[in-house]
Amino acid sequence: MEEVLLISRFITRSLILLSLWFLCFPPGVVCDTGNVSASSNSSSKPKVINIGALFTLNSVLGEAANRAIQAAVDDVNSDPTILNGVQLKLLISDTNCSGFIGTMEALQLMESDVVVAIGPQSSGIAHVISHVVNELHVPLLSFGATDPTLSSMQYPYFLRTTPSDHFQMYAIADIVDYYGWREVIAIFVDDDYGRSGISVLGDALAKKRAKISYKAAFSPGDTESKINDLLVEVNLMESRVYVVHVNPDTGLNIFSVANALNMMGSGYVWIATDWLPSYLDSKDAVDSNTMNILQGVIALRHYTPDTDLKKSFMSKWNNLKYKGSAGHAGFNSYALYAYDSVWLAAHALDVFLNEGGNLSFSYDPKLHDTNGSMLHLASLRVFNGGEQLLQTLLRMNFTGVSGQIQFDPDKHLVHPAYDVLNIVGTGTRRIGYWSNYSHLSVVPPETLYTKPPNISTGSQHLYSVIWPGDTTSTPRGWVFPNNGQPLRIAVPNRVGYKEFASKDKSPQGVRGYCIDVFEAAISLLPYAVPRTYMLYGDGKRNPSYNELVSRVAQNVYDAAVGDITIVTNRTKIVDFTQPYMESGLVVVALVKEAKSNPWAFLKPFTAEMWFVTALFFLFVGAVVWILEHRINSEFRGPPRRQLITVCWFSFSTMFFSHRENTLTSGIQGIDSLISSTEPIGIQDGSFAFNYLVDELNIAQSRIVKLKNPEAYLRALKLGPKKGGVAAIVDELPYVELFLSNTNCLYRIVGPEFTKSGWGFAFQRDSPLAVDMSTAILQLSENGDLQKIHNKWLTHSECSSQVNQVDENQLSLNSFWGLFLICGIACVLSLTIFCCRVFTQYRRFSPEDEESEIETIEPSRSSRRSIRSTSFKQIIDFVDKKEEEIKEMLKRKNSNSNKQQTSIHSFSDGQASSPS
């Protein structure tokens, strides 16, 4: 409908302009764009300069502007410092809120050879008049036409002396974002002013991840009955944030009808553009009924600094010095811009004349009357200095009553700013400011211009607001739509794992863990949510969850409830709630129990390693033996014991640090699965397919889609060699449920290699997603979420990874081989030790120490054949220190040598004696 209206208005405007074109350029006349001939040139300085004013006198803005413009002309003409005595002559034309009349008035005004025109306040009329001034090269200074599209290059001679609605709409977008609202309804007048402003608002909101959910347009002349029908339709919708962008002369009708429909109470948000403060400011006193209706409304008003110049102007205004022919008209911000527009023209003309500019006009041969025409087009002349004056206007920089008058490269006034007002009691209360420099703040914008710009979220501030219904609590900004249409909730029609979500014969139609969590969260919301569950899928195979989420984004469904994993590509098109179930991908494989091996301790080393180890210990033994026999006796004992201890510690560590797994599997985790070429099973419809293929680069040919747990079991039993799979990759909640019914034949191998969760999917920027997230957190905190989990998902404890307890429990059979080797080594060592002790004991007897050799006789040189020995003597001998025994043996050997020497001496003596 809106597009049809746009086309019809475009055709109507084109016909009007086409008619004017044929009046100016009848058929048969060739359009010559060459030099125009001069018919009136004056080298002398003029005494009077004509300036025109085009606006609707009988209007809220027009009354204030008329008074301000006339006052400005009087002030300029009485100021000797400007124009050097040249007087401005003001020619006023009433456009009467009509584009056609405005065009005719503009043509008549141009017959008076005006060098600059001021006005109009209507954007629609400005569009039409701009074509006239473009042709005649007359700059048009508009104090009230705020349509952003007027800034285009199509209108080079249009110069706006008030902030464009482009900035006002971005201010509203910042307010919407500041309070966390995501949808607004735009109520606007269906003309150039309304449509263009709301179009910019849509762009500004999109940058804040918000949107206009509905555009409620009405014609300027619509009756209250039509407005009533429009607001009734709006009230049935979800959003409760309304942006009203209308004309000040008829805008109050919107609020009167809204009040009658009880739409000005608690829970509603009304944001009005600058038309409302302009209306209120222009009235000496607003009746109490009107103010009662407007309670809680937020509105924007042009911000103008409180300079001394402005205070002087306001003082003269209040003292009725600036009383014009229209009577005592009220003041508003547009009066300031109208006043400054005259001074802008005066300053520019002063510079223009000082730079040698010539106020001359030329006849254009293209402009002439056709036979019988009464338009007097031949009297229209082109201002020769129009281009030079336009460039001079763009270079102006001075301080006016509205603030700094200076233009940026896009022909916008620098430093656009607004007051943010809250209508309470009998007037307005300023809750902050908005500027294009720092956005929302509670300090005047000019104090921030000397600081670096800061538009971060933390720097945005406004004072508290009293909202409709006399409440200080920020409205939620939306309600569930009261249009009789319940929330359309899609539920996946699963084939397997129906504990999570499945079809049911109850009135609700669905059941399962996910459904119970959703219902419990819905019950915590402070408002009712009518809803209907709709199964998605044919029930023969699991549906594609990516397609399900896409249907929500495409507005086929309002939400999706089920075992939906929150993954990146899905979050780009829908909004998810807080996860209500932790999840992640794991690998499940067949795990066999390995029999205990008595020679398991040999597994750490290969045969070659054992050979090297044996050589090492032989070398260490040799070193110990050498040290034992060569190092001085005072260091002999301890070093040997330390070396033996070190060797034994190293040897024992090799065995006791090893731990034997009693459960084995060919697949150790996702890494070994990737490196293999065996088939992998996944759940049909799961995001695991895309993850394995796109992220892990696993060939699609290896992936086998399985419908249910029974298919899992069959595929794992068959194995990869018989048409099955080597392992299953699935999310942890499914796997835990699967393993609880397999008698622990299968286990999770390796760690969980992704981290994610399940959530409920809603359309982008749905406020219900935020409220549901809060409700899920409440369920988690009060324990209800765990109760629902226990109700649906109780399972045995063998669903975990390979049992750590089983890994640590080793039986005697696991090490009897090691014990046998150690026992044999101990027996051999003991045998060698005993043999050594008995050998030493045979060489040494305790009685030898006590006997003394008194005589040396040959008969005593023979050994005793029999020694009486007791067990106690052997033990005493063993207890003696090794050094002591060696010393005793040394003395014994010395005594034996002495005895041998004595015997030889005795024998020699006998031989030499006489017989």
Contact check, side chains of [X] and [Y], non-hydrogen atoms, under 4.5 Å:
X: Asn235; Y: Arg240; value: yes
X: Leu140; Y: Pro120; value: yes
X: Ile212; Y: Val184; value: yes
X: Val138; Y: Val115; value: no
X: Leu294; Y: Leu276; value: yes
X: Val244; Y: Val297; value: no

query = Stepwise, does the salt bridge (Lys or Arg N to Asp or Glu O under 4.0 Å) test hold for Asp306 with Lys310?
reply = CA-CA 6 Å; Asp306 290 328; Lys310 177 183 175 182; 3.4 Å; yes
Short side-chain to backbone donor-acceptor contact, [X] and [Y], under 3.5 Å:
X: Asp340; Y: Ser402; result: yes
X: Thr56; Y: Ser59; result: no
X: Lys411; Y: Phe158; result: yes
X: Asp177; Y: Ala173; result: no
X: Arg160; Y: Asp147; result: yes
X: Gln168; Y: Thr273; result: no
X: Asp222; Y: Ser219; result: yes
X: His412; Y: Pro409; result: no
X: Asn332; Y: Leu61; result: no
X: Arg67; Y: Ala335; result: no

Output the distance between atom [atom1] ([X]) and atom [atom2] ([Y]), rounded to the nearest 0.5 Å.
X: Thr428; Y: Asp281; atom1: OG1; atom2: CG; value: 6.5 Å
X: Ile405; Y: Trp343; atom1: CD1; atom2: CH2; value: 12.5 Å
X: Ile466; Y: Thr472; atom1: CD1; atom2: OG1; value: 8.0 Å
X: His461; Y: Ile431; atom1: NE2; atom2: CD1; value: 14.0 Å

Is it true that [X] and [Y] have ring centroids separated by less than 6.0 Å?
X: His127; Y: Tyr155; value: yes
X: His302; Y: Tyr418; value: yes
X: Trp434; Y: Tyr178; value: no

[atom1]/[X]: more than 12 non-hydrogen atoms of other groups inside 6.0 Å:
X: Asp408; atom1: CG; answer: yes
X: Leu309; atom1: CG; answer: yes
X: Phe398; atom1: CZ; answer: yes

ask   = Can you list the residues that meet the salt bridge (charged side-chain N to carboxylate O under 4.0 Å, His left out) rule with Asp174, with sequence neighbours excluded?
value = Lys208
Donor-acceptor pair between [X] and [Y] side chains, under 3.5 angstrom:
X: Asn66; Y: Gln70; value: yes
X: Tyr337; Y: Gln121; value: no
X: Asn422; Y: Tyr463; value: no
X: Trp275; Y: Tyr279; value: no
X: Ser213; Y: Ser239; value: no
X: Ser435; Y: Ser438; value: yes

remark   = Partner of Glu183 under salt bridge (charged side-chain N to carboxylate O under 4.0 Å, His left out), picked from Lys211, Arg476, Arg764, is Lys211
inquiry  = Tell me whether the rings of Trp181 and Trp467 are parallel (<30°), tilted (30 to 60°) or perpendicular (>60°).
reply    = perpendicular
note = Which of Tyr193, Phe188, Phe218 passes ring pair (Phe, Tyr, Trp, His ring centres under 6.0 Å) with His245? It is Tyr193
Salt bridge present between Arg182 and Asp575 (N-O < 4.0 angstrom) = no
Might you point out which heavy atoms bring [X] and [Y] nearest each other, and give the distance in Å?
X: Ala171; Y: Leu300; answer: CB-CD1, 3.9 Å
X: Ile118; Y: Ser341; answer: CG2-CB, 4.0 Å
X: Gly194; Y: Asp191; answer: N-OD1, 2.8 Å

message = Suppose we screen for ring-ring contact (aromatic ring centres under 6.0 Å, His included). Which residues come up paired with Trp270, at least two apart in sequence or across chains?
response = Tyr242, Phe255
Audit row: Ile573, Gln554, side-chain contact (heavy atoms from CB on, under 4.5 Å) steps and yes/no = CA-CA 9 Å; Ile573 58 175; Gln554 296 165 3; over 6 Å; no
